[in-house]
Amino acid sequence: RDSIFGNVKELLETKSLDSDDLFDELEEIFIMADVGVNTTVKFVDQLRKNIKTKKITSSDLLMELIIEEMYTMYVKDDIAVNEINIEDNRINVLLFVGVNGVGKTTTIGKVANELIQQGKKVMLVAGDTFRAGAIEQLRIWSERVNSEFYCNEEGSDPSSVMFDAIKYAKEHDIDVLLCDTAGRLQNKKNLMNELDKINRVINREIEGAPHETLLVVDATTGQNGLSQAKIFNEVTTITGIVLTKLDGTAKGGIVLAIREEMGIPIKYVGLGEKLEDLERFDFEEYLFGMFG
Amino acid sequence: NLSDRLQMSLRRVTGRGRLTEKDIEEMMREVRLSLLEADVNFKVVKSFTKNVKEQAMGEKILKGLNPGQQVVKIVSDELQRIMGDKAEPLTINAIGITKMMMVGLQGAGKTTTAGKLALHLRKQNNLKPLLVALDVYRPAAIEQLKTIGSQIGVDVFEMGTKEKPLNIMKQAMEFAVSNGNNLVIVDTAGRLQIDEDMMNELVEIKNYLKPEEVLLTVDSMTGQDAVNVAEGFNNTLGVTGAILTKLDGDTRGGAALSLKEVTNISIKLMGMGEKLDQLEVFHPERMASRILG
Ligand SMILES: Nc1nc2c(ncn2[C@@H]2O[C@H](COP(=O)(O)OP(=O)(O)OP(=O)(O)O)[C@@H](O)[C@H]2O)c(=O)[nH]1
Ligand SMILES: Nc1nc2c(ncn2[C@@H]2O[C@H](COP(=O)(O)OP(=O)(O)OP(=O)(O)O)[C@@H](O)[C@H]2O)c(=O)[nH]1
Ligand SMILES: [Mg+2]
Ligand SMILES: [Mg+2]
């Protein structure tokens, strides 16, 4: 499909660069990328104010300006926006949450791979005690990355799995616990209560934990992603987003709305089904993907 | 919801006696916003709203008593018209083996729905289903299907992860014949519609199997991308119907409208939960009112 790059070039070349055309084009790109109307209007209004298209003669320069403006809006003076809260000399706990099928379990495998390559001692915790094949799925990932693995029997209480895993971690010098949880829709009260309990148990057993609670969001998700972020955040403070399946045709723009409305940054991006298909979020690259 | 928003935008107008085209346009803006929030595809929203506006101008809304309500009715009727008035049924063979293929993106709910479908059709049509495990890629996918099969007492045919899916499919059909199964439901690996090799794999399986149903499993919270996915699967493979999953969530489900309007794929079933008995026949009017909000 046409990229804004192509259209902007075209507009400039025919000398008919009308900022209205350009910004209408941008609006359409954002809406079709699932950014949503509210955030799109905010972004485009800001861009209209700060970009004087009369003085711009190259589409490359214009693109640079757009990205610069959007980056400022994204970062919001938050210097540590991209960091993962892992420190030496403590047991770090990363909790992965989200609705069904978004890629939590697979992402844990990928993050484990990254941390193990950095020399950390990692343990995967099978907190999904409900879904068919869930524990086995995580066990296979732990074998692939050669990490420790903790599980109880299927059907056991996930909070007690966390409790037992933390006890084990304290006795075995583990650096990072990557905790998997069952997929759950945010409107299911009982499942959100279960997550609340998981969070409290982790916090009680390790001070300051979970150090990261990552909401895993599927790039194909539409406006419901905002409701997911809001309700999950009420139950356990979401410190970052993992945007998965960005190797598909969806752009995952809802994460920009989540950042804009709730201040939650994107920490990782999933680009496939293999261990190496994980990257730290790079805003410029992400925008290029959206526009291209 | 739309009705409230239209009432609010009309509050600025009442007292003047009759509506102008400008007022109708203002109402169409609310319709557009509402549908975009519901994840209806941007291009579908444009054509849909244009259509509604024509009807609103044509009807005597301009002199009407309650223009907001009338517009809501036009929108609702138009949604209903597109969604259809009842779900098309699944194709079941009167004699011989009925074959169904589950296809779709990663994580949409294919494996779970395959189990639900087996349970549903065994009950409703008194069939003897066989589940076939063709996902040789995802860790523990076969385990997942085997567990589901044992939970509902349905046979699962699998040959582990070291065989090619097409070979497993052929062996599965031989087994189905000797085992007396008259319904074969094939679970495939999730894949992107832009992954040529993986889409080719599906085409090969379909050409061999000649299934009565190729069911596209779509997550109901899918946003603007629903059209790309539906077109991709339908153009490359050919889809006979869709199953919308996770409708027990609170998403508005506008992807359903896009599926119907752009690719005319018939939505046959809806997944209403994680348990294997949570599958329902698609209800177009319920979907229309859900999208309306
Ligand atoms: N293409 C692609 N597929 C992905 C990505 N991340 C995960 N997947 C696939 O998405 C599907 C679901 O992944 P899971 O890790 O099981 O998702 P989950 O959130 O743990 O699912 P539940 O536990 O059932 O809620 C699998 O087929 C994964 O291989 C990604 O970045 N790109
Ligand atoms: N709440 C809810 N969850 C569902 C529904 N259908 C499936 N799920 C859940 O969605 C997640 C993904 O389901 P799967 O059946 O593994 O999806 P899949 O399409 O086979 O995934 P891949 O094989 O990785 O492509 C699981 O957690 C299921 O329990 C539904 O209708 N409602
Ligand atoms: Mg999982
Ligand atoms: Mg599956």
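Letters go in sequence order (proteins before strands), and every chain restarts at 1. As a basis for the values below, the full set of heavy atoms in this structure was taken, side chains included, without hydrogen atoms, waters or symmetry mates. Predicted model, so just to flag it, every value in this text is computed and none were measured.
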By a 4.5 Å heavy-atom criterion (distance strictly below it), what part of A:K251 contacts chain B: side chain, backbone, both, or neither?
neither
Counting only heavy atoms not in A:K188 (residues, nucleotides, ligands), do more than 12 fall under 6.0 Å from its NZ?
yes
Evaluate the side-chain hydrogen bond (donor to acceptor under 3.5 Å, both in side chains) criterion for residues A:E148 and A:S142: first the C-alpha distance (whole Å), next the side-chain angles of each, then the deciding distance (0.1 Å), finally the verdict.
CA-CA 7 Å; A:E148 300 252 13; A:S142 79; over 6 Å; no
Taking every non-hydrogen pair under 4.5 Å, which of B:E37, B:Q106, B:R32 racks up the most with chain A?
B:Q106
For B:A118 versus B:L131, what's the shortest heavy-atom pair and its separation?
CB-CD2, 4.2 Å
Considering residues, nucleotides and ligands other than A:N146, do more than 12 of their heavy atoms fall under 6.0 Å from its CG?
no
Pairwise distance CG(A:D247) to CD(A:E273) - rounded to 0.5 angstrom:
7.5 Å
Using only heavy-atom distances, determine whether the side chains of A:T105 and A:D180 contain a donor-acceptor pair under 3.5 Å.
yes
By a 4.5 Å heavy-atom criterion (distance strictly below it), what part of A:E136 contacts chain B: side chain, backbone, both, or neither?
both
Engaged part of A:R131 at the chain B interface, taking heavy atoms whose separation is under 4.5 Å:
side chain
A:N38 portion near chain B, given a 4.5 angstrom heavy-atom threshold:
neither
Check each atom of B:K46 against the heavy atoms of chain A and say whether the ones under 4.5 Å are side chain, backbone, both or neither.
side chain
Tell me if the CD atom of B:E196 is crowded by more than 12 foreign heavy atoms within 6.0 Å.
no
Heavy-atom distance under 4.5 Å to chain B: side chain of A:V99, backbone, both or neither?
side chain
Let me know if B:D195 has heavy atoms under 4.5 Å from chain A in its side chain, its backbone, both or neither.
neither
Give me the ring orientation class for A:F281 and A:F283: parallel if the planes are under 30° apart, tilted from 30 to 60°, perpendicular past 60°.
perpendicular
Taking every heavy atom of B:P165 against every heavy atom of B:Y137, the minimum-distance pair comes out as CG-OH, 4.1 Å
Between B:L36 and chain A, which part of the residue has a heavy atom less than 4.5 Å away: side chain, backbone, both or neither?
both
What part of B:D250 is in contact with chain A, defined as an atom under 4.5 angstrom from a non-hydrogen atom: side chain, backbone, both or neither?
both
Most heavy-atom pairs under 4.5 angstrom with chain A, which of B:Q193, B:K146, B:R138, B:E143?
B:R138
Flag the one option from A:I254, A:L138, A:L226, A:T221 with the top tally of heavy-atom pairs under 4.5 Å to chain B.
A:T221
Heavy-atom contact with chain A under 4.5 Å, split by part of B:L105
side chain
